[in-house]
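To keep things clear, I will list the structure first and then write my remarks on it.
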Amino acid sequence: MRKSRSVPMAAAVAALAWQLVQASGAAAQDFGDARLGEAYAATVCAACHAVRAGETVSPRQRVATFDTIANTPGMTGTALAAWLQTSHREMPNLIIALADRDNLIAYIVSLKAR
Ligand code: HEC
């Protein structure tokens, strides 16, 4: 009796675990929402960086534009994630929430020239 009930249960747990694995895999690859990232960049990052596609000069001297950052050879979402996890030399207190970070990465990666 007990045994016949626990088998479907185990199958359901396994299926749920599989879905979680799939979901986290997709999140790691796709990062966040580029539109939210753009809005965040426009409010937080734009003080120093040119954040829009096609902008060639940042408000602050010697600060890379997001266009340049996105099109740096070898720049990937993973590389950006690593960079944004370490502190900005000029702004050590910049703390970006994980969700915001993922949105920013999605946005910056979207600036890559196609
Ligand atoms: C107070 C000015 C300032 C703000 C605001 C700012 N940055 Fe920066 N950022 C800099 C400076 C200066 C550098 C280059 C010097 C350094 O490495 O710290 C830089 C470098 C970077 C780099 C590395 C560029 C490269 O070529 O390796 C990335 C990526 C970056 N910023 C992303 C962001 C994001 C995303 C935001 C908004 C959340 C942001 N920055 C906000 C000043 C700023």
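When a ligand or atom number is given, it counts from 1 through the structure's own listing order.
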**Leu111-Met75 co-clustered via ILVMFWY side chain contacts under 4.5 Å** = yes
**Prompt:** Do Val44 and Leu94 come within less than 4.5 Å of each other through their side chains, counting heavy atoms only?
**Reply:** yes
**Message:** Out of Cys48, Gly37, Ala41, Ala64, who is nearest to atom 26 (O) of ligand 1 when you count heavy atoms only?
**Reply:** Ala64
**Request:** Output yes when a side-chain donor or acceptor of Asp67 lies under 3.5 Å from a complementary backbone atom of Gly54, and no otherwise.
**Result:** yes
**Within-4.5 Å side-chain heavy-atom neighbours: Leu104 and Cys45** = yes
**Prompt:** Any N or O on His49 sitting closer than 3.5 Å to an N or O of ligand 1?
**Reply:** yes
**Prompt:** What atoms of ligand 1 come within less than 4.0 Å of a heavy atom belonging to Tyr40?
**Reply:** 38 (C)
**Request:** Find out if a path of hydrophobic residues (ILVMFWY) with successive side-chain heavy-atom gaps under 4.5 Å connects Tyr40 to Leu98.
**Result:** no
**Asked** Side chains of Glu55 and His49: does their closest heavy-atom pair fall under 4.5 Å?
**Response** no
**Prompt:** Is there a path from Phe66 to Leu84 through hydrophobic residues (I, L, V, M, F, W, Y) whose side chains come within less than 4.5 Å of each other?
**Reply:** yes
**Asked** For ligand 1, which part of Ile96 has a heavy atom less than 4.0 Å away: the side chain, the backbone, both, or neither?
**Response** side chain
**Message:** Out of all atoms in ligand 1, which are within 4.0 Å of some heavy atom of Val44? Include the element for each.
**Reply:** 5 (C), 38 (C)
**Atoms in ligand 1 flagged as close to Ile69, the criterion being non-hydrogen separation under 4.0 Å** = 22 (C), 24 (C), 28 (C), 29 (C)
**Message:** Using a 4.0 Å cut-off to any heavy atom of Leu80, which atoms of ligand 1 qualify?
**Reply:** 29 (C)
**Item:** Ligand-side contact atoms (ligand 1) for residue partner Leu84, heavy atom cut-off under 4.0 Å
**Value:** 32 (C), 35 (C)
**Prompt:** Does Thr72 approach ligand 1 within less than 4.0 angstrom via side chain, backbone, both or neither, non-hydrogen atoms only?
**Reply:** neither
